[in-house]
Amino acid sequence: MPELAEVEFYRKRWNPGLKQKVAAVLLHPSASVFRGCDVNLLEDQLTGATLLSSGAAAKQMLFRFSGDAWLGLHLGMTGELTVQPADFEPRKHDHLVLRQRDRSLVFSDHRMFGRVQFSTGADAPDWWSSIAPAILSDAFTLDAVATFLHRRARSPIKAVLLMQERFPGIGNWMADEILWRAAIHPKQPAGTLMPAQIKTLHKECRWVCRQALEMIGGESAELCDPPKTWLFPHRWEDGGSCPKTGAKLLREQIGGRTTCWSPARQILVA
DNA sequence: TCCTATGTTGTATG
DNA sequence: ACATACAACATAGG
């Protein structure tokens, strides 16, 4: 599930554990979410450490602990974070549990495309610092987008929007939502977009990110879905209709992912 | 049985 | 070296 705003939502879920000490660490050491991670070091360093702060960028989360310890989490396709009672017993898919006095902070992922990273040091790890500037930051300029589309000229625009190196946090549903709002066909080669279309695309990237973060990454305790006026709730319905035109939506694999678009407003330009 | 799934990455090919 | 396409990863559910 998790794209930009959902990642922010799950990050905040662990907020009740801020400023609290980790009494014990429970984990499934051979689970593939720990690939490339030193689980012994993680266990040693986090036991007795205090959760100080957290952040989200793109689809990554970073949790900072006392003792210069950094825990990175990626939710993959099916990951989630929850807060459970202090005596919670981890089940099959609860791969990492940070047990505190009054609660357990739990990372679960049944499909295990997610990932746990751990490191120590005075500064945040390199993989975190090198995440592309957020779409809602000033560094996400029209120029940067135009240059990127030019370099990926022959790829369908849908595939380009999924590239985290320029569109951090955008995933399959957000990409479709952005293209639908911008009235651009997902198969349109990135290099064939007119300057006015690139400008619209840039604008809709920011609009969808801002709205999604307000709606989903906000203060609500529940993960809520975008409203019926968005493409989102219609994209998986069989025989679903475009909320702007009423025309039947189409679905097809584009850029390796199932893509939904409204043929009445997203026209492929030759 | 076969297909799907809101993600990333390694590898092959051009 | 760079851009592009796609299988692979692991699991559950329809």
Side-chain angles (χ1 to χ4, degrees), chain A residues 1-11 28-37 56-61 72-81 91-96 107-117 127-128 130-132 135 147-181 186-192 205 208-209 211-213 215-217 222-227 230-238 240 249-261:
Chain A
M1 168 182 278
E3 300 178 20
L4 185 81
E6 291 102 340
V7 172
E8 177 65 6
F9 173 84
Y10 284 120
R11 177 190 71 82
H28 299 149
S30 57
S32 69
V33 291
F34 291 107
R35 58 194 179 278
C37 173
K59 298 172 192 169
Q60 303 276 358
M61 291 173 285
L73 295 178
H74 191 292
L75 298 171
M77 293 274 262
T78 53
E80 63 172 338
L81 301 189
R91 297 150 303 185
K92 186 177 175 189
H93 300 306
D94 305 322
H95 304 302
L96 177 65
F107 166 68
S108 316
D109 184 7
H110 73 78
R111 206 168 154 193
M112 293 202 284
F113 288 171
R115 185 168 160 113
V116 179
Q117 302 189 78
W127 62 261
W128 174 262
S130 59
I131 291 172
I135 288 173
T147 302
F148 192 77
L149 298 201
H150 183 69
R151 184 174 300 179
R152 306 291 178 163
R154 291 152 59 114
S155 293
I157 186 62
K158 166 64 186 276
V160 174
L161 277 179
L162 294 174
M163 294 178 181
Q164 301 298 295
E165 63 203 273
R166 180 48 65 195
F167 301 98
I170 301 298
N172 205 28
W173 80 253
M174 290 183 85
D176 285 358
E177 192 74 41
I178 290 163
L179 291 173
W180 175 70
R181 289 179 181 275
K187 274 187 191 170
Q188 194 71 43
T192 65
C205 280
V208 169
C209 285
Q211 296 299 316
L213 281 167
M215 238 176 347
I216 300 165
E222 294 303 313
L223 191 55
C224 58
D225 283 344
W230 287 42
L231 177 64
F232 181 94
H234 309 280
R235 48 180 282 116
W236 294 126
E237 288 172 357
D238 274 326
L249 296 167
L250 294 183
R251 268 183 311 214
E252 195 179 316
Q253 290 270 323
I254 301 175
R257 311 297 301 280
T258 299
T259 298
C260 177
W261 76 97

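Chain letters run A, B, ... following the sequence lines, proteins first and then strands; every chain starts at 1. Predicted model only: the values in this text are computed from it and were never measured.
Counting only heavy atoms from C-beta on, A:His74 has its side chain closest to B:dG7 among B:dT6, B:dG7, C:dA10. In the set C:dA3, C:dA10, B:dT6, the nucleotide with an atom closest to the side chain of A:Ser32 is C:dA10. The side chain of A:Gln164 lies closest to B:dT8 when the candidates are B:dT8, B:dG7, C:dT4. Side chain of A:Glu6, nearest nucleotide from B:dA5, B:dT6, B:dT8: B:dT6. In this structure, of C:dT4, C:dA12, B:dA5, it is C:dA12 that holds the atom nearest to the side chain of A:His110. The side chain of A:His93 approaches C:dA12 more closely than any other nucleotide in the set C:dA3, C:dA12, B:dG7. Distances from the side chain of A:Arg154 to the nucleotides C:dT4, B:dG7, C:dA12 place C:dT4 closest. Side-chain proximity of A:Trp173 to C:dA5, B:dT6, C:dA10: nearest is B:dT6. The nucleotide whose nearest atom lies closest to any side-chain atom of A:Thr258 is, among B:dT6, B:dT8, B:dA5, B:dA5.
The residue A:Arg151 sits close only to the backbone: its heavy atoms come under 4.0 Å of sugar-phosphate atoms, none of a base. Across all strands, A:Gly256 comes closer than 4.0 Å to no nucleic acid atom at all (heavy-atom distances).
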Take A:Met61 and A:Leu75 through the test side-chain contact (heavy atoms from CB on, under 4.5 Å) and record every step on the way to the result.
CA-CA 9 Å; A:Met61 291 173 285; A:Leu75 298 171; 3.6 Å; yes
Checking A:Arg181 against A:Asp176 for the salt bridge (charged side-chain N to carboxylate O under 4.0 Å, His left out) test, could you report, in this order, the C-alpha distance in whole Å, the side-chain angles of both residues, the deciding distance, and whether it holds?
CA-CA 9 Å; A:Arg181 289 179 181 275; A:Asp176 285 358; over 6 Å; no
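Paired runs in DNA chain C that reach 3 or more consecutive Watson-Crick or G-U pairs, where each pair keeps both distances under 3.5 Å, cover B:2-5 with C:11-14, B:7-14 with C:2-9.
Listed by chain and number, the residues in a side chain to side chain contact (heavy atoms under 4.5 Å, CB included) with A:Ala57 are A:Trp128, A:Ile131 (sequence neighbours excluded). Annotation: ring-ring contact (aromatic ring centres under 6.0 Å, His included) contacts of A:His93 (sequence neighbours excluded): A:His110.
Ring geometry, A:Trp173 versus A:Trp230: the interplanar angle falls from 30° to 60°, so the pair is classed tilted.
By the stacking rule of 5.5 Å between ring centres and under 30° between planes, A:Phe113 stacks on the base of C:dC9.
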